[in-house]
Amino acid sequence: MDTSDSENVRRRPLLTAAALAPVLAGAGTAVARSGRPAVKDGAATTGRLRPVATTAEDWRGVSRALGRRGIMAGVEYQLGFLRDDLRVTSRGVSVNPALAVGSHVSFVRYDDGSTLMMGDLAVAEAELQHVVGTVHARGLQQTAIHKHLLAHSPEVWWVHVHGHRRDAEALAGGLRAVLDRTATPARARPVARVKGLDTKRIAAALGVKGFDEEGVHKCLFFRRETVTMGCLEMPPGLGAMSAFLFQPLGGGRAAVNGDFAMTADEVQDVLAALHRGGISIIELHNHGLDDEPRLFFVHFWAVGDAVHIARTLRRAVDATDVAPFEPVHPAGSR
């Protein structure tokens with residue numbers, strides 16, 4: 001789909017919940033720059049905007065713009081874009097794209113009819129400045145730039161993007177233009193099943209039942225607080241998830257990558273627990289600009305016995321106010 005300009009993207013019907021609150025302006029540099037919606041005809045949006053339930057059918061226009069279908073995970077419409085065009089190695093490990101080299105995006109409808117788009121894009125270093133330029137040219141926000149891996153080749157960066165507008169297809173069109181500045185494949189290749197991990201012992205060590213997806217084993221926790229970004233209330237876990245991914249290496253060993261979502265008073269205890277357990281710390285940073293409570297994220301890397309690593313991660317988890325997240329339908333697109 002040609003995504004030349006948001007005004008040229010066909011508008012789609014919004015949920016009837018849009019009638020319950022003032023409508024937001026359709027185009028949105030004001031939205032993108034401030035993180036808060038621009039308001040039509042000067043009407044003020046007061047109070048907190050809350051997510052509403054949708055179905056995959058409501059996101060047909062988004063899927064059409066992005067060239068693939070996502071899945072519903074609660075109120076989120078989620079899509080994944082694995083960078084299996086990149087053969088990334090880190091510290092001697094050939095990295096499964098699902099472990100650390102993927103882009104993930106969520107769309108959420110709000111009770112005033114507007115749509116939030118949040119994503120984390122895996123970008124090769126040669127693509128980075130083109131991506132950044134397109135993010136801003138399309139009126140989206142760049143809320144973070146960092147790495148998920150230490151020494152690795154080829155060099156990959158992760159760019160967090162954010163948009164809030166009335167027109168969901170315009171957001172998807174802007175994101176499509178950003179992705180088009182990368183070599184992200186249109187379709188992911190099949191991946192092998194997860195083998196060689198004692199997932200029951202990992203679950204017992206971490207205190208959460210994980211799930212297998214795209215060749216890795218995933219264990220998730222979400223922040224117990226209600227997190228807001230500006231006037232938007234986030235669905236549980238969106239922008240506030242601690243995620244631990246295990247790539248089997250054989251013999252019960254794994255490469256483990258992921259991040260913790262923490263408030264400021266939790267950061268030092270988490271970092272100390274990881275360091276004591278021999279887990280490498282990669283980045284400490286924020287993912288958002290105006291989240292409340294203010295959240296910090298630490299990305300980490302470990303290679304070794306998967307159950308031993310899980311026990312170390314559990315000690316760090318215990319320093320944070322999170323709860324196990326066990327999705328009925330695991331995240332990611334098909």
Side-chain angles (χ1 to χ4, degrees), residues 24 28-38 45 47-51 73-80 102-110 112 114-123 128 131-132 134-136 138-148 157-165 168 171-172 174-175 178 220-243 258-267 270-271 281-300 320-323 325 331:
L24 305 182
T29 51
V31 176
R33 289 174 183 168
S34 69
R36 295 173 173 80
T45 299
R48 183 182 294 177
L49 301 181
R50 292 179 171 83
V75 298
E76 298 176 42
Y77 186 62
Q78 297 181 341
L79 303 99
S103 300
H104 302 89
V105 183
S106 291
F107 289 80
V108 179
R109 185 67 40 74
Y110 279 84
D112 66 341
S114 63
T115 294
L116 169 69
M117 182 275 292
M118 289 180 63
D120 187 14
L121 310 182
V123 178
L128 180 59
V131 164
V132 170
T134 307
V135 166
H136 295 293
R138 291 292 176 150
L140 302 175
Q141 280 187 318
Q142 176 187 345
T143 61
I145 180 170
H146 58 273
K147 291 193 174 184
H148 290 188
W157 293 83
W158 281 261
V159 177
H160 284 254
V161 294
H162 177 109
H164 179 211
R165 297 181 185 172
L171 283 173
L175 178 62
V178 173
L220 308 176
F221 294 84
F222 68 96
R223 297 291 311 182
R224 295 180 188 274
E225 311 97 328
T226 297
V227 177
T228 61
M229 290 191 178
C231 61
L232 304 179
E233 181 178 302
M234 297 292 104
L238 181 59
M241 189 81 75
S242 294
D259 59 345
F260 282 81
M262 309 162 291
T263 52
D265 60 335
E266 298 168 345
V267 169
V270 169
L271 296 180
I281 296 167
I282 300 171
E283 293 269 5
L284 173 64
H285 60 281
N286 305 101
H287 286 176
L289 299 178
D290 56 357
D291 46 341
E292 179 62 40
R294 190 76 169 122
L295 295 178
F296 297 81
F297 295 81
V298 59
H299 288 267
F300 64 86
T320 65
D321 187 16
V322 296
F325 187 82

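These numbers come from a predicted model, not from an experiment.
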Checking Thr263 now: which residues fulfil side-chain contact (heavy atoms from CB on, under 4.5 Å) with it, not counting sequence neighbours?
Arg223, Glu225, Asp265, Glu266, Pro293, Leu295

Side chains of Met117 and Val161, heavy atoms from C-beta outward: is any pair under 4.5 Å?
yes

Contacts of His285 meeting side-chain contact (heavy atoms from CB on, under 4.5 Å) (sequence neighbours excluded), chain-then-number -> His146, Glu283, His287, Phe297, His299

Sorted by chain and residue number, the ring pair (Phe, Tyr, Trp, His ring centres under 6.0 Å) partners of Phe222 (sequence neighbours excluded) come out as Phe325

Return the set of residues passing side-chain contact (heavy atoms from CB on, under 4.5 Å) with Pro235 (not counting sequence neighbours), or none when no residue passes.
Pro51, Val75, Glu76, Val108, Tyr110, Leu238

Are the side chains of Leu140 and Thr134 in contact, using a 4.5 Å heavy-atom criterion?
no

Compare every heavy atom of Ala122 with every heavy atom of Ser103, then report the nearest pair and how far apart it is.
OG-N, 2.8 Å

Hits for side-chain contact (heavy atoms from CB on, under 4.5 Å) against Ser242, two or more places apart or cross-chain, chain-then-number order -> Phe221, Phe244, Phe260, Ala261, Val322

Is the shortest heavy-atom distance from the side chain of Asp291 to the side chain of Arg294 under 4.5 Å?
yes

Which atoms form the tightest heavy-atom contact between Ser106 and Gln78, and what is the distance?
OG-CG, 3.5 Å

Quick one: does Leu284's side chain get under 4.5 Å of Met262's, heavy atoms only?
yes

Looking at Leu128, Leu121, Val131, Val123, which one forms a side-chain contact (heavy atoms from CB on, under 4.5 Å) with Ile145?
Leu128

Shortest non-hydrogen contact from Ala264 to Phe296?
CB-CE1, 3.8 Å

Nearest 0.5 angstrom please: Asp120 CG to His160 NE2, how far?
3.5 Å

So do the side chains of Leu289 and His162 get within less than 4.5 Å of each other, counting heavy atoms only?
no

Under the side chain to side chain donor-acceptor pair (under 3.5 Å) test, which residues partner Asp259, sequence neighbours left out?
none

Here the gap from Arg138 atom CZ to Leu171 atom CG, rounded to the nearest 0.5 Å, amounts to 12.0 Å

Passes side chain to side chain contact (heavy atoms under 4.5 Å, CB included), Leu271 versus Ile281? Steps please.
CA-CA 8 Å; Leu271 296 180; Ile281 296 167; 3.8 Å; yes

Heavy-atom check, side chain of Met229 versus side chain of Thr143, under 4.5 Å:
no

For residues Ala240 and Val227, report the shortest heavy-atom separation together with the two atoms involved.
CB-CG2, 3.9 Å

Interatomic spacing from CG in Leu232 to CZ in Arg48 - rounded to 0.5 Å
10.0 Å

Decide whether a cation-pi geometry holds between Lys147 and Trp157; the criteria are a distance under 6.0 Å from NZ or CZ to the six-membered ring centre and an angle within 45° of the ring axis.
yes

